Amino acid sequence: MVWQVRLAGLLGASSIATGAAGAHLLADRDPTFLGIWKTAVQYHQVHALALLATAAAPRSQRARLVAGTLFAAGTALFSGSNYLVAWHEDRAYGRASPYGGLLLIAGWTALAVL
């Protein structure tokens with residue numbers, strides 16, 4: 001699916017940009033929050049590749065659509081909220097993280113069962 005390849009490219013590029021920005025802009029921050037930033041980058045990168053892989057997965061079109069949508073939304077919620085937590089050094093911004101994580105798990109599950 002073309003949208004998945006394009007979005008995966010954007011997610012991959014933005015994961016590199018956020019990783020580099022964090023390395024430079026957050027270097028003097030509390031190590032706990034820098035670790036949260038690094039985790040967000042890692043999940044961002046892994047799920048950019050997962051989204052790309054769904055476009056070529058030998059599964060049904062429905063499985064690719066559902067998994068791709070769940071990976072995109074889950075990455076936005078999980079990594080996005082963790083970027084906010086690390087940037088503002090305020091855990092209150094992380095309320096969406098568990099929901100993002102559940103969406104990522106659901107994406108992997110969709111690939112397995114649909």
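None of these values were measured; they are calculated from a predicted model.
- Hydrophobic clustering (ILVMFWY, side-chain heavy atoms < 4.5 Å, transitive): V66 and F71 are in distinct clusters.
- With sequence neighbours excluded, the residues that form a side-chain contact (heavy atoms from CB on, under 4.5 Å) with L52 are V5, A8.
- Checking side-chain atoms of T18 against main-chain N and O of S15 turns up a donor-acceptor pair under 3.5 Å.
- For residues 103-114, the set of pairs meeting the side-chain hydrogen bond (donor to acceptor under 3.5 Å, both in side chains) definition, not counting sequence neighbours, comprises H47-W108.
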Please assess R91 against T32 for the test side-chain contact (heavy atoms from CB on, under 4.5 Å), listing each intermediate value before the final yes or no. CA-CA 11 Å; R91 292 186 184 275; T32 299; 3.3 Å; yes
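- Closest of all the heavy-atom pairs between A110 and A63 is O-CB, 4.1 Å.
- The side chain to side chain donor-acceptor pair (under 3.5 Å) check on T39 picks up nothing, with sequence neighbours excluded.
- Between the OG1 atom in T54 and the CG atom in L49 there is a gap of 11.0 Å [rounded to 0.5 Å].
- Under the 4.5 Å side-chain heavy-atom criterion for Ile, Leu, Val, Met, Phe, Trp and Tyr, V113 and L70 are members of the same hydrophobic cluster.
- A donor-acceptor pair is defined here as one N or O able to donate and one able to accept, closer than 3.5 Å; such a pair exists between the side chain of Q4 and the backbone of R64.
- L26 forms part of a hydrophobic cluster together with L25, L34, W37, V41, Y83, W87, judged by ILVMFWY side-chain heavy-atom separations under 4.5 Å.
- In this structure, G12 and A48 approach most closely via the heavy-atom pair N-CB, 3.6 Å.
- Nearest heavy atom pair, residue R29 against residue H88, reads NH1-N, 4.4 Å.
- Summarising the hydrophobic clusters (Ile, Leu, Val, Met, Phe, Trp, Tyr; side-chain heavy atoms under 4.5 Å, direct or chained), the residues clustered with L102 are none.
- Hydrophobic cluster membership differs between Y43 and L10, with clusters built from Ile, Leu, Val, Met, Phe, Trp and Tyr side chains linked at under 4.5 angstrom.
- Residues forming a side chain to side chain donor-acceptor pair (under 3.5 Å) with T75 (at least two apart in sequence, or on another chain): none.
- Listed by chain and residue number, D90, R95 satisfy the side-chain contact (heavy atoms from CB on, under 4.5 Å) test with A92 (two or more places apart in sequence, or in another chain).
- Clustering of Ile, Leu, Val, Met, Phe, Trp and Tyr by side-chain heavy atoms under 4.5 Å joins L84 with F33, I36, V85, Y93.
- Between the H44 side chain and the L11 main chain, a donor and an acceptor come within less than 3.5 Å of each other.
- The side-chain contact (heavy atoms from CB on, under 4.5 Å) test applied to A96 returns L77, S81, not counting sequence neighbours.
- Interatomic distance, OG of S60 versus CG of L111, reported as 9.5 Å (0.5 Å rounding).
- Rounding to the nearest 0.5 Å places CZ of F78 at 4.5 Å from CG of N82.
- Remark: A72 engages L7 in a side-chain contact (heavy atoms from CB on, under 4.5 Å) (not counting sequence neighbours).
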